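Beneath this line is the structure, given in structure tokens, with notes to follow.
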Amino acid sequence: MGVEVKVEGLTKSFGRQVIWSDVSLTLPAGEISVLLGPSGTGKSVFLKNLIGLLKPDRGSITIQGNDLTKLSERKLYEVRKLFGVLFQDGALFGSMNLYDNIAFPLREHTRKSESEVKRIVDDKMEMVGLAGTERKLPGEISGGMRKRAGLARALVLDPEIVLVDEPDSGLDPVRTAYINQLFVDLNQQIGATFLIVTHDVNTARTVPDNIGLLYRRHLAMFGPREMLLSSEEPVVRQFLNAQRQGPIGMSEEKDVGELEAERQAGYEMPPLPPIALQLLPTDGQVRAGQRPPGAWCQANGVTPPPGSFQDPPGVAGSAGNARHAQSSGWTKPAGRADDDTLALPRVEG
Ligand SMILES: Nc1ncnc2c1ncn2[C@@H]1O[C@H](COP(=O)(O)OP(=O)(O)OP(=O)(O)O)[C@@H](O)[C@H]1O
């Protein structure tokens, strides 16, 4: 399950306002990718282009050999069935209970019997932890539950590609952590290709296999998580480390004067923080797209920042690392203390 999405030279404007131009990236089949960018850089517009709700000015979006930008409305309707989308607010119908909201795409797009619909809805509600809330109305539940209901609805047609727009908006950090874990678990269970649009740096640091950053109407960088988290590229470094110092200003980019003032004030970019361990599925299995910690750095001769790939404080006995080791063939080199810096993956044969 999960299909590749290949975007080449995509450009979108509204009238004379260019939102972004020449965006090229490939979402690898079955992997989780995150798209970051300052507010207003066109991340949501990018998602809407991917599902054909907006038409780009130029460029192509290729899925299973079809260029979505060139499809007829009828063919596009068919290809859209590959997608499950979670919009920012869950986009639930306020007058329908959760069961009917989640059943809606099945009743609308398939000829399944009501007993079959019930089986699928029950299954998806269980997957997102909402079993027992079928009769609740969207207005009676929390924002986090609404998102999970929206997610269940996005899953009912068994999508190959799941698009998520700002899952953390309006959620506290704990609920954000829960929903992030849910994405990892779902990716492991259904194997779909995930693209998550977010501003949340912690999500970007711990969830995806790949990260992209939109900035100044371009895709500044897109690639494996470890590549961006060890990047010295000023924009990438500033954004991923949530710093004030760097080229991104209050309203998009800083001008030359602001940068010069910053330089004269002696501001320097702090050292790169450690690369966190990537979240594992809760059942301890490794997702198909998951790479062993440090694999990209090792393959590319990059020394990760000190302290990388350690368990977060409070995880006794390096349980997380042990789980990585167990399931990915990765081992911590002998003779290194638990609080030592980097342990690289074992290179096979
Ligand atoms: N249908 C539309 N017509 C005209 N302009 C639009 C339309 N949709 C979006 N825009 C403009 O495109 C720009 C990018 O909007 P978008 O919502 O994609 O940004 P974003 O990166 O998702 O922002 P945020 O992180 O704040 O949600 C904004 O200037 C917005 O006003």
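One-based numbering along the sequence shown. We count ligands from 1, going down the list as the structure has it; atoms in each ligand are counted the same way. Worth saying up front: this structure is predicted, and the values here are computed from it rather than measured.
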Fill in: Side-chain heavy atoms of V45 within contact of F14, under 4.5 Å
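Sidechains of F14 and V45: in contact.
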Item to complete: Scan the protein's non-hydrogen atoms and note whether one is under 4.0 Å from atom 9 (C) of ligand 1.
Response: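 So atom 9 (C) of ligand 1 has protein heavy-atom neighbours under 4.0 Å.
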Discussion item. Under 4.0 Å from atom 19 (O) of ligand 1, can you find at least one protein heavy atom?
Written reply: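 Given the 4.0 Å limit, the answer for atom 19 (O) of ligand 1 is yes, a protein heavy atom qualifies.
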How long is the straight-line distance from [atom2] of [Y] back to [atom1] of [X], given to the nearest 0.5 Å?
{"X": "T11", "Y": "D57", "atom1": "OG1", "atom2": "CG", "answer": "6.5 Å"}
{"X": "K6", "Y": "D67", "atom1": "NZ", "atom2": "CG", "answer": "12.0 Å"}
{"X": "L213", "Y": "R237", "atom1": "CG", "atom2": "CZ", "answer": "14.5 Å"}

Item to complete: Let me see the working for K118 and E134 under salt bridge (charged side-chain N to carboxylate O under 4.0 Å, His left out), right down to the final yes or no.
Response: CA-CA 11 Å; K118 181 169 184 335; E134 290 78 1; over 6 Å; no
Ligand-side contact atoms (ligand 1) for residue partner [X], heavy atom cut-off under 4.0 Å:
{"X": "G42", "result": "14 (C), 16 (P), 18 (O), 19 (O), 20 (P), 21 (O)"}
{"X": "Q17", "result": "29 (O)"}
{"X": "E166", "result": "24 (P), 25 (O), 27 (O)"}
{"X": "S44", "result": "17 (O), 18 (O), 22 (O)"}
{"X": "H199", "result": "24 (P), 25 (O)"}

Discussion item. Tell me whether the NZ or CZ atom of R148 lies within the 45° cone about the ring axis of Y178 and under 6.0 Å from its centre.
Written reply: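 No cation-pi geometry.
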Worksheet item: Is there a donor-acceptor contact under 3.5 Å linking the side chains of K147 and S169?
Response: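 There is such a pair (donor and acceptor under 3.5 Å, judged by atom type) between the side chains of K147 and S169.
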Worksheet item: Does ligand 1 have any atom that is closer than 4.0 Å to a heavy atom of K48?
Response: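 Flag not set, K48 not near ligand 1.
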Discussion item. Below 4.0 Å from ligand 1: does a non-hydrogen atom of G40 turn up there or not?
Written reply: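 Within the 4.0 Å threshold, so yes.
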Practice prompt. Evaluate the side chain to side chain contact (heavy atoms under 4.5 Å, CB included) criterion for residues I275 and W296: first the C-alpha distance (whole Å), next the side-chain angles of each, then the deciding distance (0.1 Å), finally the verdict.
Written response: CA-CA 12 Å; I275 300 176; W296 182 88; over 6 Å; no
Worksheet item: What residue and atom, counting heavy atoms only, is the protein's closest point to atom 4 (C) of ligand 1, and at what distance?
Response: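 For atom 4 (C) of ligand 1, the nearest protein heavy atom comes out as F14 CG, 3.3 Å.
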Fill in: Heavy atom of the protein closest to atom 15 (O) of ligand 1 (residue, atom name, distance)
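Atom 15 (O) of ligand 1 sits closest to the protein heavy atom V45 CG2, 4.0 Å.
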Item to complete: Identify which of L47, I19, L35, L36 has a heavy atom lying nearest to atom 13 (C) of ligand 1.
Response: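 Nearest option to atom 13 (C) of ligand 1, by heavy atoms: I19.
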